[in-house]
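The structure under discussion appears below in the form of structure tokens.
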2 protein chains.
Amino acid sequence: MDAIDIVCVNEDDAAAGEALKARVLDTPTAERLAALFTALSIPTRVKIISLLLEHEVCVHSLETALGMTQSAISHQLRFLRDLKLVRARKEGRHVYYALDDDHVRQLFAQGLLHVAH
Amino acid sequence: MDAIDIVCVNEDDAAAGEALKARVLDTPTAERLAALFTALSIPTRVKIISLLLEHEVCVHSLETALGMTQSAISHQLRFLRDLKLVRARKEGRHVYYALDDDHVRQLFAQGLLHVAH
DNA sequence: AAAACACATGAATGATTATTCATATGTTAG
DNA sequence: CTAACATATGAATAATCATTCATGTGTTTT
């Protein structure tokens, strides 16, 4: 195997520069990865996800639980919906949200382990 | 066990409201979790981390690999340093950066699995 | 010692985005 | 049918943050 431990390319070594560029994660993948992690990058969405881990919850309940305006919650839910991380189920005048992605549950759990020291 | 599948608290049921609030992840933890995920929430940092997964890399190499200015890279490295996700080792006039946290490696891998469909 | 190099950093700028405000749609209750 | 309710959403505002610009510190080379 050709594992390199220390990388420090020389300014005028074009070949080494190109080799290094080839090792960077490609931009489209980096962007999609970043978008995924953005979902959990603010406390509001972290809290929303924390409530959806085990239950299906209606918007008004999230509003009550987080102590934020209905509009703010709705906008964040739309954000998560666009990323296909949550799904909405309409029932009468309520809309119930639930996690629609097990990876997020796993990321959340993994992150929590880290933060828990 | 007292698992609830569907949650929809009534406006005037104060007790249910309080019970729900108790289920939300507490703010300090949510903030630390959000901070952790923020590290991977933009392509630039995702790419930096991708290069540090296997190697120790100097700043100039990162600059070459990402095609960004030295200042931009340095600022992002400081960001990651402050979060204790990377460590810096000075050697002569070079500074080598490396991942200083295995959880991030795992989060990265987990996220990549998700994005890879 | 001077010049070139490697990196860091404060301040300014520009871009992104979370939240609010106002309002619209559809649903149930009276 | 009207009023109250539950949610959604576009536009405006406010806050955050990535990048650039200018410059500073320390190191190596000549």
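The structure presented is a predicted model; accordingly, all values stated were derived computationally and were not measured. Letters go in sequence order (proteins before strands), and every chain restarts at 1. Heavy-atom basis, side chains included; hydrogens, waters and symmetry copies ignored.
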Next item on the list: Look at the side-chain N and O atoms of B:Y97 and state whether any lies under 4.0 Å from the OP1 or OP2 oxygen of C:dA6.
Entry: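 For C:dA6, OP1/OP2 do not have a side-chain N/O of B:Y97 under 4.0 Å.
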Notebook entry, point to check: At under 4.0 Å, does any side-chain N or O of B:R78 touch on OP1 or OP2 of C:dC7?
Noted result: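 So the side chain of B:R78 is outside the cut-off, no N or O lying under 4.0 Å from OP1 or OP2 of C:dC7.
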Item checked: Considering all heavy atoms, the nearest A:S41-B:T38 contact ->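 Closest heavy-atom pair between A:S41 and B:T38: O-OG1, 3.1 Å.
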Note to self: Looking at every heavy atom in both B:R45 and B:L80, which two are closest together, and how far apart are they?
What the structure shows: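 Closest pair (atom of B:R45, atom of B:L80, distance): CD-CD2, 3.8 Å.
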Next item on the list: Let me have a per-nucleotide readout for nucleotides 15-26 of chain C, 5' to 3', with B, S or -, counting only protein heavy atoms under 4.0 Å.
Entry: ---SBBB-----
Do [X] and [Y] have side chains that get closer than 4.5 Å, going by heavy atoms?
X     : Y     : answer
A:L51 : B:V7  : no
B:L33 : A:L40 : no
A:I6  : B:H94 : no

Next item on the list: State which of D:dT9, C:dA6, D:dA8 makes the closest approach to the side chain of B:H94.
Entry: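 In terms of side-chain proximity for B:H94, the closest of D:dT9, C:dA6, D:dA8 is C:dA6.
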Quickly work out the [X] [atom1] to [N] [atom2] distance and round it to whole Å.
X     : N      : atom1 : atom2 : answer
B:E91 : D:dG26 : CD    : C1'   : 15 Å
A:R89 : C:dT27 : CZ    : C1'   : 16 Å
A:L77 : D:dA6  : CG    : P     : 16 Å

Notebook entry, point to check: Between atom OH of A:Y97 and atom CG of A:L77, what is the distance when rounded to the nearest 0.5 Å?
Noted result: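 It comes to 5.0 Å.
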Next item on the list: State which residues pass side chain to side chain donor-acceptor pair (under 3.5 Å) with A:Q106; sequence neighbours excluded, sorted by chain then number.
Entry: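 Partners of A:Q106 under the side chain to side chain donor-acceptor pair (under 3.5 Å) test: A:D102, B:Q110.
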Next item on the list: Spell out, yes or no, whether A:L25 and B:F37 are grouped together once hydrophobic residues are joined by side-chain heavy atoms under 4.5 Å, including indirect joins.
Entry: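 In one cluster with A:L25: B:F37, yes.
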Item checked: Neighbours of DNA chain C within residues 27-34 of chain A, by heavy-atom distance under 4.0 Å ->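 Under 4.0 Å from DNA chain C: no residue of residues 27-34 of chain A.
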